[in-house]
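First up is the structure itself, then whatever we jot down about it.
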Amino acid sequence: MTKKEITIQLPSGLEARPIAMLVQVASQYESEIHLESNGRNVNAKSIMGMMTLGLDTGDKVLVTADGADEQAAVNKIEEYLSKTN
């Protein structure tokens, strides 16, 4: 299991389109991937679950991945959430 706290740097935060893109990134991996914020833990491959987090720029999330490609999954999600443009 791999865990990493990431600060969201997307200028628009996680609105509908960025959430859909994040779900696409997460869905490329075999591992189970979850994001946790404010005591809520959701499946990163679920658009509806991700929308319930209400994340914005500057918020911190704990990304947890468990599976054969967990490290690659966490790295790619961090890369996506750290985009500044």
Side-chain angles (χ1 to χ4, degrees):
M1 181 176 295
T2 301
K3 294 183 178 187
K4 184 158 192 177
E5 186 175 74
I6 299 170
T7 301
I8 298 169
Q9 297 176 26
L10 296 168
S12 63
L14 281 180
E15 298 171 346
R17 180 170 285 135
I19 286 175
M21 298 283 289
L22 177 60
V23 169
Q24 284 183 340
V25 169
S27 294
Q28 295 173 14
Y29 296 94
E30 180 183 313
S31 297
E32 283 190 30
I33 306 167
H34 288 84
L35 268 68
E36 184 176 340
S37 178
N38 297 322
R40 296 183 59 104
N41 188 325
V42 300
N43 183 340
K45 298 177 185 181
S46 165
I47 290 176
M48 294 307 291
M50 289 297 302
M51 294 194 70
T52 67
L53 290 179
L55 298 170
D56 204 358
T57 304
D59 289 349
K60 294 185 185 301
V61 294
L62 180 64
V63 178
T64 305
D66 190 17
D69 52 4
E70 61 191 41
Q71 188 62 56
V74 169
N75 290 344
K76 195 64 165 183
I77 289 172
E78 179 179 28
E79 179 184 316
Y80 177 73
L81 292 176
S82 297
K83 288 183 183 177
T84 56
N85 58 2

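- Here CD1 of I19 is found 12.5 Å from CZ of R17. Values are rounded to the nearest 0.5 Å.
- N75 meets the side-chain hydrogen bond (donor to acceptor under 3.5 Å, both in side chains) test with Q71; sequence neighbours excluded.
- Separation of atoms CG (L55) and OG (S37) is listed at 5.0 Å; rounding is to 0.5 Å.
- Qualifying salt bridge (Lys or Arg N to Asp or Glu O under 4.0 Å) partners for E78, counting only residues two or more places apart in sequence or in other chains: K4.
- Closest heavy-atom contact between N43 and I33: OD1-O, 3.4 Å.
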Margin query: Assess the residue pair L81 and L14 against the criterion (side chain to side chain contact (heavy atoms under 4.5 Å, CB included)); give the C-alpha distance rounded to whole Å, side-chain angles, the decisive distance to 0.1 Å, and a yes or no.
Written below: CA-CA 9 Å; L81 292 176; L14 281 180; 4.2 Å; yes

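- For E36, there are no side-chain hydrogen bond (donor to acceptor under 3.5 Å, both in side chains) partners at least two apart in sequence or on another chain.
- For residues 23-34, the set of pairs meeting the side-chain hydrogen bond (donor to acceptor under 3.5 Å, both in side chains) definition, not counting sequence neighbours, comprises S31-D69.
- In this structure, L62 and E5 approach most closely via the heavy-atom pair CD1-N, 3.9 Å.
- Screening residues 44-58 for side-chain hydrogen bond (donor to acceptor under 3.5 Å, both in side chains), with sequence neighbours left out, gives R40-T52.
- Nearest heavy-atom pair, P18 versus L10, reported as atom, atom and distance to 0.1 Å: CB-CD1, 4.2 Å.
- For the atom pair CG of L53 and CG of N41, the computed distance is 8.5 Å after rounding to the nearest 0.5 Å.
- When all heavy atoms are compared, the tightest approach of A73 to A65 is CB-CB, 4.5 Å.
- Note that the CD atom of E79 and the NZ atom of K76 stand 4.0 Å from one another [nearest 0.5 Å].
- Here the CD1 atom belonging to I77 is positioned 6.0 Å from the CG atom belonging to L35, to the nearest 0.5 angstrom.
- Partners of T7 according to the side-chain hydrogen bond (donor to acceptor under 3.5 Å, both in side chains) rule, which considers only residues two or more places apart in sequence or in another chain, are K60.
- Nearest heavy-atom pair, V42 versus G49, reported as atom, atom and distance to 0.1 Å: CG1-O, 3.5 Å.
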